[in-house]
2 protein chains.
Amino acid sequence: MSEAGVNTGVDMLHGYSIKQTSEITGITEDTIRYYEKIGLLPRAQRKENSHRIYSDHDIETMKLITCLKKTGMSLDDMRPYLDLSLDSNLSEYPELHEMILNHKQKILDQIASLQQIVDLIDSKIDQNFLGPQECELTGDRKKMPVRRTIR
Amino acid sequence: MSEAGVNTGVDMLHGYSIKQTSEITGITEDTIRYYEKIGLLPRAQRKENSHRIYSDHDIETMKLITCLKKTGMSLDDMRPYLDLSLDSNLSEYPELHEMILNHKQKILDQIASLQQIVDLIDSKIDQNFLGPQECELTGDRKKMPVRRTIR
DNA sequence: GATTGACTTGGAGCTGACTCCAGGTTATAC
DNA sequence: GTATAACCTGGAGTCAGCTCCAAGTCAATC
């Protein structure tokens, strides 16, 4: 039951080794194991020799983690998103649905924050000192929706 | 030389105590001292009894820190922004100028990331599974400028 | 059968960003 | 004069998120 030295990159049963997976996703092997350890990723399939094997679907999940991380989300907070990409039917879980909508609003707020900083930079570059203008996101009041198109 | 019990909130010389500053900015006293300790904030003015006093300008700086933190920026990365709000003439420091522009691009990329996640959420909500669509931000290639208006 | 390389596990160590605490000072209130 | 409150300093502890390491397994190669 050995496929003696297949070099096509993809192993038997369309599985990737942890090394390959690391190369594909840009996540280090250690970090992949760490994500499994803390339960962010489900326990990976193993070969008889207990080596982990990953599917394309696993890889997509990891890419999603990277993507969510870029938005500043904590590993804990992204768990529902990962569940979301596994079992497909969102409407069956109204709680999750609400949670996701909630998070969407947070992200929109975050975009507004970022946009204000971009504006601050622009005004700093255009003029010389930013006088009355100021980042308004320090309070916890409702934010204005950003209507500006991103340049 | 004592203003015996002025309760107007603002002390002599238009200075705020660390407690007042904490209340105004929402940053804890400990954290304000920590920011000073690591040099993110300049050493605060002191009264004769060595208590810190803060100006409106200091408060603005702290609000800016809060704002930048919301965008996921590290304390280290935000140093140039704080310098920027202190000495006004950006054009005198071409290196800083470039750094800021660089950072602006990063923020724009980050906005694009966030927007894609919002899209992902929307498509997840609208349809049931996201098929071909996927977060494209895992690679390090140049990103498309986001042209969409934020909802 | 010894070496090499890709893995395994469990656990220790590290960095950033706080957060907490002990011990000390100073001013005002009782 | 003693208690209380608001500060001070220096340093230790905490948590998230890795990152590194030692000791072991297993398969293929020399």
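Letters A, B, ... are given to chains in the order of the sequence lines, protein chains preceding strands, and every chain is numbered from 1. FYI, side chains are in, hydrogens and waters are out, and symmetry mates aren't considered; it's all heavy atoms of this structure.
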Would you mind building the protein contact string for nucleotides 16-23 of chain D? One character per nucleotide, 5' to 3', B for base within reach (heavy atoms under 4.0 Å), S for sugar-phosphate only, - for untouched. -BBBB---
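- Here D:dC26 presents its C1' atom at 11 Å from CD of A:E48, a figure rounded to the nearest Å.
- Under the 4.5 Å side-chain criterion, counting only non-hydrogen atoms from C-beta, B:I32 is not in contact with B:E29.
- Counting to the nearest Å, the P atom of C:dC18 and the CD1 atom of B:I27 are 9 Å from each other.
- Look at CD on B:E23: it is 14 Å from C1' on D:dC7, rounded to the nearest Å.
- Distance A:K47 NZ to C:dG5 C1': 13 Å, rounded to the nearest Å.
- As rounded to whole Å, 10 Å separates atom P of C:dC7 from atom CD1 of A:I32.
- Here the closest non-hydrogen pair linking B:A44 and B:Y54 is CB-CE2, 3.5 Å.
- To the nearest angstrom, P of D:dG24 lies 19 Å from CG of A:N49.
- Between B:S50 and C:dT25 there is no side-chain polar atom (N or O) within less than 4.0 angstrom of OP1 or OP2.
- With A:R79 contributing its side chain and A:G39 its backbone, the two residues share a donor-acceptor pair below 3.5 Å.
- The side chain of B:R52 contributes an N or O atom lying less than 4.0 Å from OP1 or OP2 of D:dT9.
- Partner of A:Y16 under the side-chain hydrogen bond (donor to acceptor under 3.5 Å, both in side chains) criterion, out of A:D56, A:T25, A:T21: A:D56 alone.
- Candidate nucleotides C:dT8, D:dA6, C:dC7 were compared by shortest atom distance to the side chain of A:R46, and C:dT8 ranks first.
- The interatomic distance linking B:Q45 (CD) with D:dC8 (C1') rounds to 17 Å, in whole Å.
- One atom, CZ of B:R79, and another, C1' of C:dG16, lie 12 Å apart when rounded to the nearest Å.
- Here the side chain of A:D58 pairs a donor or acceptor atom with the backbone of A:S55 at under 3.5 angstrom.
- Proximity of B:D30 to B:R33: side-chain heavy atoms (C-beta onward) are separated by under 4.5 Å at one or more points.
- For the residue pair A:L75 and A:Y35, the shortest heavy atom distance occurs at CD1-CE2, 3.6 Å.
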